[in-house]
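Working notes for the structure below.
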Amino acid sequence: MFLNLIKDAIKSLGEYGDEKFIKESEYADLATTIAFKIAKEKNLNSKEVANEIVDKITPIGYIGKIESVGGYINLFANYEFLEDTIDVILSDNNYGALGLSGNVLIEHTSANPDGPLHIGHIRNSIIGDTLTRIFIKAGFNVRTHYYINDMGRQMAITVLGVEKFGLPDKKPDHAIADAYISANKLLESEPELEKKVEELMLKYEKLDEETAKKFRSAIDKAMDGIKETMKKLNVEHDEFVWESDFIRSGYVEKILKLLDSKNLIKKEKAWIIELEGFDKEVVIRRENGTSLYVTRDLAYHLWKSENFDRMINVWGADHKLYGAQLLKLLEILGIKRPEIVFFEFVSLPEGRMSTRRGKFISADELIDKVKEEAKKIITNREFSAEEIERIAEAVAIGAIRFDFLKVAPEKPMIFDMSKALDFERQTASYIQYTYSRACSILRKSDEEPEFSSELCEKPERELVILLSKMPFYVYRVVNEVRPNLFAEYMLSLASKFNEFYRDYPVLKAEDELRRNRIAIVSAVSKVLKIGLELMGIPVIEKM
RNA sequence: GGGCCCGUGGCUCAGCCAGGACAGAGCGCCGGCCUUCUAAGCCGGAAAUCGCGGGUUCAAAUCCCGCCGGGUCCGCCA
């Protein structure tokens, strides 16, 4: 809806309707700074320019009023816009949809199957999964992948660990981590085992069936546990793609031929590519004839590009250089390139995490602790044991997802367990609570909503304008690939509704005023619900 | 050493890409509001050299240059 308002603003402004200078504003529904630009170019007074522009133009469509204030040109929506906004929200069961189309692949999480997901991995999952939900809402046909790095050294070490130490009886991904950690320790004291690791890797790449069985068994166990964790977090993948598949499918061969056909490869003992703009050359084939991660990843991206219009990878910032090299290689090969969302590390107050050294907080541990804490808060309320369980779960998952989501991906995070458990500062439960407040009103009212914009006072009007912005934020996330923007929006909506809640009693109001407010509450509850779902945060009617 | 990212009240963050109207939230602190729709709420207050120093501009948290602090990368690893 807000997108229509922007369109009409552009139309109204005519030759001055440059979208780049039109912004959201706290003084108006939209504002443009175009007069400043023109004033500068022509060396004029910006106020006068703004005045002249406003005199020249007339409001079109949803724009009701245009005024000039100190060089700014402020635009306001008319009543019709408010009416239509509420109408659309109440009647459209897919509010926020943009009707965009195309096939999009989102690859995220893709943690090595050598242990459970830790709190760094789930930053990836939460960004990736939220993007997925928002892209689907926008209308794209989205498929999600978890790329399983089954061919790495760390997998060979894991297999070695399972052989030497067996697996303890615990959640399978945690058991695998034990084996992996023990094997790493063993390797430190017995470096000659290194040969054994290399041998395993070589055999696996040569598709030796006996070795493959061992790898698959270990990986399946780890993945079972990882999937269970992701499920708890409302994170879902359509497919789990194994790195080694691209050797079997011939895509690795294909990519090598393609590189060769461009005369890029320097064939010494190993095959090497020198990349312009990079200090280091890229090795794509080892001396012993086996492939490397980048080779297989190129193959994977070749496959992606054949099947999708848009590809998004959610990667840790430690892959930035690698990502740049990959993009460069794809560019040279004329293969459509992915968009990469890099997120910075989550570290602990005592330093960075390491699965190998057993220094990490697992997602499972975090979920359990946050849930316990949430339970403490609700036990003294009038809920049954089942309800407590359900609400605590919803609040915990919401708190965790929102905590990660609201931070811009490029910001490094230092994880503090005491803060994660502090529900005073949990903003997800604030949104959930706001929703349940709205539900509570609606439960007690049996009247039909009937919105009339003339009855709206200023704060109510502002609330409706905020409601109209939901699709706009879907649009922004899809374009800018910054899901934290949506978290911010949801917070402002919840806050605005809570103001309304205090000042504008619904059930106490009468007749058309009551019906009008019921319409507003209905619309708010609907948008809050859709918004929470887009963030993968459980929606609860009571808490 | 070089590349990239981050540095905003005591704490955690938004805003920076596309420069503009008093730098916004939350936590914590101080003071108010439950005989009225769920107080996990609301209102008010104190608290900020937007890391530092230059520059561009009528206008800089935002753009440019230099520096400082933190992180990260620079494997025939993945």
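Note that the coordinates shown come from a computational prediction; the quantities given were computed from them, not determined experimentally. Worth knowing before you read on, the calculation uses all heavy atoms, side chains too, and leaves out hydrogens, waters and symmetry mates.
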**Report entry** More than 12 heavy atoms of other groups within 6.0 Å of A:E339 CD
**Finding:** yes
Report task. Strictly below 4.0 Å, heavy-atom distances to any atom of RNA chain B: list the hits from residues 408-415 of chain A, or just say none. Result -> A:A408, A:E410, A:K411, A:P412
Requested in this report: Please work out whether the ring planes of A:H145 and A:W303 are parallel, tilted or perpendicular, with thresholds of 30° and 60°.
Outcome: parallel
Query raised in the report: Take atom CG in A:L44; do more than 12 heavy atoms of anything else shown fall under 6.0 Å from it?
Result: yes
Requested in this report: Check whether any side-chain N or O of A:Y433 sits under 4.0 Å from OP1 or OP2 of B:A40, and answer yes or no.
Outcome: yes
Requested in this report: Check whether any side-chain nitrogen or oxygen of A:K444 sits under 4.0 Å from OP1 or OP2 of B:U38, and answer yes or no.
Outcome: yes
Report task. Compute both the distance and the angle, then confirm whether A:K496 meets the cation-pi test with A:F500: under 6.0 Å from the six-membered ring centre, within 45 degrees of the axis. Result -> no
Requested in this report: Find the partner of B:G1: check Watson-Crick (N1-N3 plus N6-O4 or O6-N4) and G-U wobble (N1-O2, O6-N3) distances, both under 3.5 Å, and reply none if neither fits.
Outcome: B:C74
Requested in this report: Measure the distance from CZ on A:F342 to C1' on B:G3 and round it to the nearest whole Å.
Outcome: 13 Å
Query raised in the report: Within less than 4.0 Å of OP1 or OP2 of B:G19, is there a side-chain N or O belonging to A:K37?
Result: yes
Requested in this report: Please work out if A:E26 contacts a base, only the sugar-phosphate, or nothing of the nucleic acid, heavy-atom cut-off 4.0 Å.
Outcome: base
Report task. Answer yes or no: does atom NZ of A:K375 have more than 12 heavy-atom neighbours from other residues, nucleotides or ligands under 6.0 Å? Result -> yes
Query raised in the report: With a non-hydrogen cut-off below 4.0 angstrom, is A:R356 in contact with a base, only sugar-phosphate, or nothing?
Result: nothing
Report task. Quote, to the nearest angstrom, the C1' distance that separates B:C74 from B:A14. Result -> 33 Å
Query raised in the report: Does B:C37 have a Watson-Crick or wobble mate here (both distances under 3.5 Å), and if so which one?
Result: none
Query raised in the report: If we take the P atom in both B:A60 and B:G44, what is their distance in whole Å?
Result: 30 Å
Query raised in the report: Counting only heavy atoms not in A:Y475, do more than 12 fall under 6.0 Å of its OH?
Result: no
Query raised in the report: Whom does B:C67 pair with, Watson-Crick or G-U wobble, provided both distances fall under 3.5 Å?
Result: B:G51
Requested in this report: May I ask you to check whether over 12 heavy atoms, not counting those of A:K185, lie within 6.0 Å of atom NZ?
Outcome: no
Query raised in the report: Given B:G15, B:C73, B:A21, which nucleotide is nearest the side-chain atoms of A:D318?
Result: B:C73
Report summary line: Result for 5'-nearest mapping on RNA chain B, choosing between A:E287 and A:A35, is A:A35
Query - Minimum-distance pair of heavy atoms, taken over all atoms of A:A218 and A:V159 - result: CB-CG2, 4.4 Å
Report summary line: A:L321 atom CG is separated from B:G75 atom P, nearest whole Å, by 9 Å
Query - Span that lies between the P atom of B:C6 and that of B:C63, in whole angstrom - result: 10 Å
Requested in this report: Tell me what A:K40 touches on the nucleic acid: a base, only sugar-phosphate, or nothing, going by heavy atoms under 4.0 Å.
Outcome: base
Query raised in the report: Over how many whole Å does the gap from A:N498 atom CG to B:C37 atom C1' extend?
Result: 13 Å
Query raised in the report: On a whole-Å scale, what distance lies between the P atoms belonging to B:C50 and B:G45?
Result: 22 Å
Query raised in the report: Does NZ or CZ of A:R437 lie under 6.0 Å from the centre of the six-membered ring of A:F497, at an angle within 45° of the ring axis?
Result: no
Query raised in the report: Considering only B:U38, B:C11, B:A40, which nucleotide approaches the side chain of A:K542 most closely?
Result: B:U38
Requested in this report: Mind checking the NZ-CZ spacing from A:K508 to A:R517? Nearest 0.5 Å is all I need.
Outcome: 12.5 Å
Query raised in the report: Taking O4'-C1'-N9-C4 for purines and O4'-C1'-N1-C2 for pyrimidines, is B:C17 syn (within 90° of 0) or anti?
Result: anti
Query raised in the report: Does a side-chain N or O from A:R286 land closer than 4.0 Å to OP1 or OP2 of B:A78, or not?
Result: yes
Query raised in the report: Going through the distances and angles, do A:D403 and A:K406 end up as a salt bridge (Lys or Arg N to Asp or Glu O under 4.0 Å)?
Result: CA-CA 6 Å; A:D403 248 3; A:K406 71 182 179 196; 3.4 Å; yes
**Report entry** Distance, C1' atom - from B:A78 to B:C17, rounded to whole angstrom
**Finding:** 31 Å
Report task. Identify, between A:Y501 and A:D279, the residue whose nearest nucleotide on RNA chain B lies closer to the 5' end. Result -> A:D279
Report summary line: From CZ of A:F343 across to P of B:U72 the rounded distance in Å is 14 Å
Query raised in the report: According to a strict under-4.0 Å criterion, is A:Y489 in side-chain N/O contact with OP1 or OP2 of B:G15?
Result: no
Report task. Could you work out the separation of B:G15 and B:A48 based on their C1' atoms and round it to a whole Å? Result -> 15 Å
Query raised in the report: Within a reach of under 6.0 Å around CD of A:E382, are more than 12 heavy atoms found that belong to other residues, nucleotides or ligands?
Result: no
Query raised in the report: Picking from B:G75, B:C73, B:A40, which would you name as closest to the side chain of A:K280?
Result: B:G75
Query - Rounded C1' spacing from B:U12 to B:G53 in Å - result: 28 Å
Requested in this report: May I ask you to decide if the ring planes of A:F486 and A:Y489 are parallel, tilted or perpendicular, using 30° and 60° as cut-offs?
Outcome: tilted
Report task. Round to a whole Å and report the spacing from CZ of A:R514 to C1' of B:C37. Result -> 10 Å
Query - Residue pair A:I431, A:L491: steps toward the side chain to side chain contact (heavy atoms under 4.5 Å, CB included) verdict - result: CA-CA 7 Å; A:I431 302 171; A:L491 228 35; 3.8 Å; yes
Requested in this report: Would you please confirm or rule out a distance under 4.0 Å between OP1 or OP2 of B:G41 and any side-chain N or O of A:R437?
Outcome: no
Requested in this report: Please check the phosphate of B:C17 (OP1 and OP2 only) for any side-chain N or O of A:R476 closer than 4.0 Å.
Outcome: no
**Report entry** Integer-rounded Å distance: B:A21 C1' and A:I73 CD1
**Finding:** 14 Å
Query raised in the report: At under 4.0 Å between heavy atoms, what does A:M155 touch on the DNA or RNA strands: base, sugar-phosphate, or nothing?
Result: nothing
Query - Out of B:C5, B:C77, B:C43, whichever nucleotide has its closest atom nearest the side chain of A:M201 - result: B:C77
Query raised in the report: Is there a side-chain polar atom (N or O) of A:R352 under 4.0 Å from OP1 or OP2 of B:C73?
Result: yes
Report task. Give the rounded distance in Å between these two atoms: CD1 of A:I377 and C1' of B:A40. Result -> 7 Å
Query raised in the report: Quick one: which of B:C16, B:A40, B:A78 gets closest to the side chain of A:L292?
Result: B:A78
Query - Among B:A78, B:C5, B:U38, the one nearest A:K320 by side-chain distance - result: B:C5
Requested in this report: Spell out yes or no: do the side chain of A:Y322 and the base of B:C77 have one donor N/O and one acceptor N/O closer than 3.5 Å?
Outcome: no
Requested in this report: Pick the P atom in B:G24 and in B:A47, then give their distance to the nearest Å.
Outcome: 14 Å
Query raised in the report: Taking only N and O in the side chain of A:N484, is any of them less than 4.0 Å away from OP1 or OP2 of B:G15?
Result: yes
Requested in this report: Name the pairing partner of B:U62, where a pair is Watson-Crick or G-U wobble with both distances under 3.5 Å, or state none.
Outcome: none
Query raised in the report: Would you say the side chain of A:N74 and the base of B:A21 hold a donor-acceptor pair, judged only by whether the two atoms sit under 3.5 Å apart?
Result: yes
Query raised in the report: How close or far is atom C1' of B:A21 from atom CD of A:E24, stated in whole angstroms?
Result: 16 Å
Query raised in the report: Using a cut-off of 4.0 Å between protein heavy atoms and nucleotide atoms, how would you tag nucleotides 25-33 of chain B 5' to 3' with B, S and -?
Result: -SSS-----
Report task. Tell which nucleotide pairs with B:G24, taking only Watson-Crick or G-U wobble pairs whose two distances are both under 3.5 angstrom. Result -> B:C13
